[in-house]
Amino acid sequence: MDKYEQVIELAKRRGFLWNSFELYGGSRGFYDYGPLGSTLKRRIEQIWREFYVIQEGFMEIECPTIGIEDVFVASGHVGGFSDPLCECKKCGEAFRADHLVENVMDAAATLNAEQLTQVIREKGITCPECGGEFKDAYEFNLMFKTTIGPGTGRQGYLRPETAQGMFVDFQRLSRFYREKLPFGAVQLGKSFRNEIAPRQGVIRLREFTQAECEIFIDPRDKSHPKFERFADKELTLYSRQAQEEGEPVRMKLREAVDQGVIAHEFLGYNLALTNAFLTKIGIDPVRLRFRQHLKDEMAHYAIDCWDAEIETERFGWVEIVGIADRTDYDLKAHSKVSKTELAVYVEYPEPKLVTSFVVKPNMGKLGPIFKGKAKAVAEALKGLSEAELSKEEIHIAVAGEEITLSSDMVDFAEETVKVSGESLVPHVIEPSYGIDRIFYGTLEHAYDAEDVGAKAAESGLKGQEELDELESAAEEEVGETRLVMHFSSAVAPVQVAVLPLLTRKELTDPAKAILAKLMDKNLMTAYDDSGTIGRRYRRNDEIGTPYSITVDYTSLEDKTVTIRDRDSMRQVRAPIEGLEDVLYDLIYKGRSFESAGKPFNFQINSE
RNA sequence: GCGUUGAUGGUCUAGUGGCUAUGACUUGGGCCUUCCAAGCCCAAAACCCGGGUUCGAAUCCCGGUCGGCGCACCA
């Protein structure tokens, strides 16, 4: 079993991830999040909200998952999100029809399926695999189609990304933020893509969760007001140049922006923010890098684009976040299709006085004389210089006809107007997170099958004598292993387990009382009194419960319990009084485990 | 979508054209247990779906579904 299999096996068994519709044989590209998975995912999303909504101030909106056609015409998904496919009659192999045609003509990408079929027929293109003939080409659109309303209804699509919601709501958002750049909004939710062949479990789904943020910024100024926060932060950058050399480089953010590796501060800040988020939820920094899109893989309108990638054992480096400067492409596209100006008015620091030469044809006189031609005459006048307009008789040519006008038919003057600002189409910085992939990443990076003997020794839980025994035993056979999910306590689905040492009423009663206290503190708590204490610790290790509380007979005497730390397996003894606050601080405030109580050195009994 | 390969309790697995289909772990009930899984007793739980061949199919054949891999695809 490779690591992916091990992680998926555990995830399935323990209620993190299940294949959807298993009862009926399943369906590819869909996964259920079980009780623990759902909780873990929600915690990840909640931390994401802390970063983007609370810290950055980009409020969350919620738009329908079904969109109308216009939206995706504007976004380019109707036209561009489909691939023309073409299958060989003989061997059945499928090819991109436009790729087949590319060699014999230019602009193959602009043709539709019908046209492509025609070209393939005319040019006699055959299967590169077997030389067979091709069937007709057809469009495979990656969007799920549906019908809105009864009957023929209106064509609708399940959204292939959440981003469009923020673009469509741009005007409303702009007013909400009192028309002051930069502003942004986020959306967390489901998106849908009818993948041709989804694989790799949760890495490529047909229904998946995105967390996207669209930040609208002033195109003339891409500095970031909080840049200093991360300026000295070192990131692993796999820039275009680094990719040529084959080795990512560690670089401080300031250097990267100064040297032009990252296009500008705003993008750089967002790389660092992503780095901070991913690290916080437990992505291993060593297995995290930022890879720059190569020129030819970047959308034509984008200025710069970086993917956060994590290393997985089976799939190698997997993209989990895309951070792009999408310029004004999206707003302009929606502006064009909706015929609405999508821009903000930006005031200058000082109003500008703009002097210009203004020509005002006197339409009251031109109209009756020139009738239908009056407009053309007026336009011609606007093109004249001051010197020409100053003459007694003004000569112009309209549609090849010489026309002479008297000077009273036009006024002109040097005019100075005060301009206090201008309309700007903002640029968009877009961090786009694939939550399901991030979810898998936290599972794989948290997963560990560790040697218990070695771990116990490391944590000082074994005596020297036993250690020696262990060493000689280790040569013979592999020691006992325990499966541990080293979730950061911020995302762990179960935060505390309460375990009476023995299943006896005098211990279970106070244990249940403690459970109630912890629940009151809003901690996700589990109670378990079945089997031996060791088994229960292991069970909780497997689901990544960071802390376990054990009630023993000493508890009855001095009102203390032990707290066990999942990773080190060490224990401290702490008073029951105030225990909920101690745990809250351990989980949310980064309080050190050693400070939580007095050391409780119970040596593991190897009997 | 094409090719290839697989599918047995919750998990991992044994197995053969033929009686009540292995085993381990897990789970539940009980016993025992004063801090790190595998002690004892009891119990629950499976041959992916449909068709065919056959006296008889979980086993052989065909199709489907799902999983792995390769090709293609991958905002």
At 4.0 Å (heavy atoms only), tell me whether [X] reaches a base, stays on the sugar-phosphate, or touches nothing.
X: A:R536; result: nothing
X: A:R535; result: sugar-phosphate
X: A:L501; result: base
X: A:T554; result: nothing
X: A:R314; result: sugar-phosphate
X: A:E161; result: nothing
X: A:R199; result: base
X: A:S432; result: nothing

Any N or O donor-acceptor pair linking the side chain of [X] to the base of [N] at under 3.5 Å?
X: A:E195; N: B:C74; answer: no
X: A:R570; N: B:C35; answer: no
X: A:R482; N: B:C36; answer: no
X: A:Y537; N: B:C35; answer: yes

**Asked** Are A:D2 and A:R314 within salt-bridge range, i.e. N to O under 4.0 Å?
**Response**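 The answer is yes: the pair qualifies as a salt bridge.
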
**Asked** Between A:R14 and A:E542, does at least one N-O distance fall below 4.0 Å, as a salt bridge requires?
**Response**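 Yes, A:R14 and A:E542 are salt-bridged.
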
Cation-pi geometry met for [X] and [Y] (6.0 Å, 45°):
X: A:R291; Y: A:W317; answer: no
X: A:K41; Y: A:F439; answer: no
X: A:R564; Y: A:Y537; answer: yes

Return the pairing partner of [N] with a 3.5 Å limit on both distances, Watson-Crick or G-U wobble; otherwise return none.
N: B:C32; value: none
N: B:C69; value: B:G3
N: B:G56; value: none
N: B:A38; value: none
N: B:G17; value: none

**Asked** Can you check the A:R573 CZ to B:U34 C1' distance for me, whole Å?
**Response**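 Interatomic distance, CZ of A:R573 to C1' of B:U34: 11 Å.
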
**Asked** CG of A:N19 versus P of B:C48: gap in Å, rounded?
**Response**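 Rounding to the nearest Å, CG of A:N19 and P of B:C48 are 16 Å apart.
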
**Request:** For B:U11, take OP1 and OP2 only and decide whether either is under 4.0 Å from a side-chain N or O of A:R13.
**Result:**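 Looking at the OP1 and OP2 atoms of B:U11, neither is under 4.0 Å from any side-chain N or O of A:R13.
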
**Asked** Hey, is the side chain of A:R539 poking within less than 4.0 Å of OP1 or OP2 on B:C36, counting only N and O atoms?
**Response**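 Answer is no, no contact under 4.0 Å.
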
**Message:** Strictly by side chain to side chain donor-acceptor pair (under 3.5 Å), give each pair with a member in residues 61-76 of chain A just once, sequence neighbours left out.
**Reply:**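 Every pair satisfying side chain to side chain donor-acceptor pair (under 3.5 Å) with a residue in residues 61-76 of chain A: A:E69-A:Y157, A:S75-A:H77.
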
